[in-house]
Amino acid sequence: MSLLNISGSPHVHSDESTKKIMWRVNAALVPALLCAIAYFGINALLVSIVSVLACVLFQWLIEKFIMKVPSTVSDGSAVVTGLLLAFNVPATVDMLWIVVIGALVAIGIGKMSFGGLGKNPFNPAIVGRIFLLISFPVQMTTWPQVGGLFPMTFDVPTGATPLGAFKEGALGEGVTFMDAFLGHIGGSMGEVSAIAILLGAAYLCWKKIITWHIPVTFIGTAFVFSAILWLVNPETYMDPLMTILTGGIMLGACFMATDMVTSPMAKSGQLIFGFGCGLLTIIIRNWGSYPEGVSFAILIMNSVTPLLNRWCKPKRFAE
Amino acid sequence: MKTFRMGGVHPEENKISNDAAIEVVPVGKQMVVLMNQHLGAPATPVVQKGDKVKVGQLIGEAQAFMCANVHSPVSGTVLKVDTCKDAFGLAKPAVYITVEGDEWMETIDRTPDIKRECALEPKEIVAKLKEMGIVGLGGATFPAHIKYSVPEGKKAEYLIINAAECEPYLTSDYRVMMEHAEEVCIGVSILRKALGVPNAYIGIESNKPLAIKKMQETAKQFEGIIIEPLKVKYPQGAEKQLINAVTGRKVGSGKLPIDSGCVVSNLGTSFAVYEAIQKNKPLIENILTVTGKDLKTQHNCLVRIGTTYNEIISHTIGQLPESTGKVISGGTMMGKAVVNLDAPTVKGNSSVLVMMESEARRAPETNCIRCGKCASACPMGLEPYLFSLLVKNNRVEESKEHNILDCIECGCCFFSCPANKPLTDEIRLGKNRVRAMLAAKK
Amino acid sequence: MTQQILIAVIVLGALGILFAVVLYIVAQKFKVVEDPLIDEVAEVLPGANCGGCGKAGCRAFAEACVSQHSLEGLRCAPGGDAVAAKIAELLGCAVEQGEPQVAVVRCNPANCGDKRKSNYDGLRSCAFQNTVYTGESGCPFGCLGCGDCVAACQFDAIHMGENGVPVVDADKCTACGACAKACPRRIIELRNKGKKDRRVYVSCVNKEKGAVAMKTCANACIGCGKCAKVCPMEAITVEGNVSYIDYKKCIACRKCVTECPTKAIKDVGFPAPAVKPAPKPAEAPAAPVAEKVEIPVAEKVEVKN
């Protein structure tokens, strides 16, 4: 018999682990990935692969040669970042090399410079995306046009997203709610299909990795706020349903704002967080210079998270 | 079905020894009786080397306020009064007795008849609890006579008996309910009388349907005993959580159950109370579960207090299997890991739980991903992740401000942490520091 | 145009004067009168804020020195005599020469490493482990090996040895006492460095009775008192089954070292006896901490013991 182990109680542990959580998030992203491949074809697949590989490689290199710590790439968090980064860029050939730069910024600056998983104040994928948006404004807003299913060519015609078109004053003609819901619209590769994203979010809720608090308040606030604006002036402002179905609100609310590391821990804090994200998104969309504001909104709310953690305490037993 | 208001987890129940009837472990050749088997100061030995003692004879007297009497579990000669290493290897005052025969004190009623009537007054009951050395058998071993002397200005309104047995593996309370339901109910009636409360509630988790049925049938014959089935959730058996589940009341930060008009006792205690009051039998026996996934047989057994772990193991399962990685006294969530198997058992021990090496080791710790699962699991509404940081940086004052002393050390935070952080350990360390700081301030 | 510039200049100028006046008044009203000596004293202190003096930090120590205007009862261990002399010069007071001291770990690694009796699997903290059980060695008085002392040291002077008992680097140790305070079992003691850095001490604090202690650890002090009998200076006392050498009386004659039946008494800084073979432990490379200890075996004994 080997030596007896001694420790303080408890002596059992649930089968939860960081690794399990991260790989489940990856699983939840699969429907959106499939949708992206279906609508944007081989480009989407290639951009995703390049992005994921780049993120994993950069994390491995940084841990091995700069931080000199055992590698943690197997925990799957770099894969999550890679997928989310790919989902946030248009599926074009240019992206095949641009996304590598994005991966370096996301992993290197967004995550590892703070000490790795769990210590980053901002969502790494959003950091990467915003860096690319500012550095490569043309490539990042050249959206492939959606045609038939599984386009197998590299050269696809490009066009505007519904949001971009709206910003230019051309109200999204010919785009129906059903198109937006299924994802038959222009946009970043992972954000187009609301149904695929909701499917993944439902899985995460079922596995208790996320709770309803952030997605529902995020989307709800965006819907209510845009509805008010729309009721005031339907000419200038977008239809609220269209607002939440197009652009990155669905992807942001379900996968990026709910990132455990950068969102508040207490439920009350999560409600404020979701509300802030929704409000800022609509403000940036309507009065900012960018047609889309989800990334900026989440980034701003990420910076408020430590404060929310301080203010919003869980309810004590005795209260 | 009722349960407590927040947090909690659901560990694998593993009640694999449910069907093993209580068996008696024979007395060995020598018995070592520790003098501090209870919360508080150790009892003072009142026997000397060479004295003859009988079963049930007083050998350690409670002289301090927070203390309980200790009685001889065997008959024989006192070998020496010395120290003995307890289950954690620490030396404790003890009386060594060489066993000779099995001669009981004449006052003890050893007939199997059930004695139902109790003519004692509440004050006399409490005095007898003290005389018989009864302590709470739920784990904290709080002296019963102190618990049942309600302080001036406070009033008990509820008596709650904890039969939740929310800890995984443990089945001793379940066996007592199945085999001694009537005695338990008489014990509860006596405690009810001692407190002068109209009703006593016995909280049983719904994963023990047979026990609930049996207790409900038996309780019909008694006045004022209500069986309260509870939803299965750990830590249902924690005092504050049980009060909340049964009565809906809350016990405030730093307050005792009696401040909310409640007194909570363990089911095993009520059985010991029956034996002490009705049969004059001091607390000299334990009912404990010998269990483990890798054991060929599962046992519930009755042992004299002072029997060593090794004696219990060799009588029940022969020897520890090769795969043993940890031996725990108590359940997997709050029990203590035992290092010295030659140590005598003490009052309040509820199990010898053998864990396999493969499940006994903790997984390596990784970074906190701020998922907040620890805070959602905390039944006291605390923030374990925050304490982890505060303790690491030795910020004692702040941990007190965040109510670290409210922690009941149930272990839900560590259990649910995906990063395997030893949160419960860190909080215990933090609590010790806060207590040291408060003591230094006084 | 000129007018606009003029207005701007006047407005900003007026604001500037107004703020200056306000700042002046505030500065006068809330002026903190501080003895400039405090800064000067703080300047000569090492600035490690180790807390070894018992004050909150170096500045607090300087304040204490200046307020009582002497060094009585105040000593900066890391700074030693040199700093004390400088402070005394600044304050214009006398200075007591203190013996230089060093931290000493009074536990033998006899029971650690491969001879562990259990495997501790909880929080890596001695303070916590001490509340759980005896520790891996099985000795209720011995070192727990989680390195609370190592974490407490500001001077990188104490490290975990390969046997799980910490080793003090006497050259770096400033005798601030932080490790001694951090140790929940009070194993670490500050002792005089001794002449030529030679010192003798009992490397055990086990208060168990002899037979019990010997069972726990082969190198435990069993309180037999043989050392006290041979000591020519009456420097050794046996109390509670453990002997103690008073470093103020000890002349480092080493009679007790040879007398001790369990080799619990250690001598440090003496030249190693030539006959003593230094068998290189075969399993040494396997020990994970081995790479940190760069000193060759023979020398290491001198440093640590």
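Remember, it's a predicted structure, so these values are computed and weren't measured experimentally.
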[X], part contacting chain A, at a heavy-atom distance under 4.5 Å:
X: Met333(B); result: both
X: Cys371(B); result: both
X: Leu382(B); result: both
X: Asp425(B); result: side chain
X: Val9(B); result: neither
X: Thr424(B); result: side chain
X: His10(B); result: neither
X: Tyr385(B); result: side chain
X: Lys326(B); result: both
X: Pro379(B); result: backbone
X: Leu386(B); result: side chain

Find the one option among [options] whose heavy-atom pairs under 4.5 Å with chain A are most numerous.
options: Thr366(B), Asp406(B), Ile328(B); result: Ile328(B)
options: Gly7(B), Ala337(B), Ala375(B), Gly372(B); result: Ala337(B)
options: Lys240(B), Glu12(B), Glu409(B); result: Lys240(B)

For a 4.5 angstrom cut-off between non-hydrogen side-chain atoms, does [X] reach [Y]?
X: Ile21(A); Y: Ile369(B); result: yes
X: Ser9(A); Y: Arg428(B); result: yes
X: Leu4(A); Y: Val327(B); result: yes
X: Ser7(A); Y: Arg362(B); result: yes

Heavy-atom closest pair, residues [X] and [Y]:
X: Asn309(A); Y: Glu383(B); value: O-OE2, 4.3 Å
X: Lys250(B); Y: Phe317(A); value: CD-O, 3.8 Å
X: Gly381(B); Y: Pro314(A); value: O-CG, 3.8 Å
X: Leu3(A); Y: Glu357(B); value: O-OE1, 4.2 Å
X: Gly411(B); Y: Pro10(A); value: O-CG, 3.5 Å
X: Met265(A); Y: Arg370(B); value: CG-O, 3.6 Å

[X], [atom1]: over 12 other non-hydrogen atoms inside 6.0 angstrom:
X: Phe275(A); atom1: CZ; answer: no
X: Lys267(A); atom1: NZ; answer: yes
X: Arg310(A); atom1: CZ; answer: no
X: Lys400(B); atom1: NZ; answer: no
X: Phe131(A); atom1: CZ; answer: no
X: Lys255(B); atom1: NZ; answer: no
X: Lys421(B); atom1: NZ; answer: yes

Toward chain B, the part of Lys19(A) with a non-hydrogen atom under 4.5 Å: neither
Atom group of Asn120(A) that falls short of 4.5 Å from chain B, counting heavy atoms: backbone
Once rounded to the nearest 0.5 Å, what's the spacing between atom [atom1] of [X] and atom [atom2] of [Y]?
X: Asn403(B); Y: Arg316(A); atom1: CG; atom2: CZ; answer: 5.0 Å
X: Met260(A); Y: Lys373(B); atom1: CE; atom2: NZ; answer: 5.0 Å
X: Asn420(B); Y: Glu16(A); atom1: CG; atom2: CD; answer: 10.5 Å

Got a donor-acceptor contact below 3.5 angstrom from the [X] side chain to the [Y] backbone?
X: Asn367(B); Y: Leu117(A); value: yes
X: Asn5(A); Y: Gly325(B); value: yes
X: Ser14(A); Y: Phe415(B); value: yes
X: His11(A); Y: Ala360(B); value: no

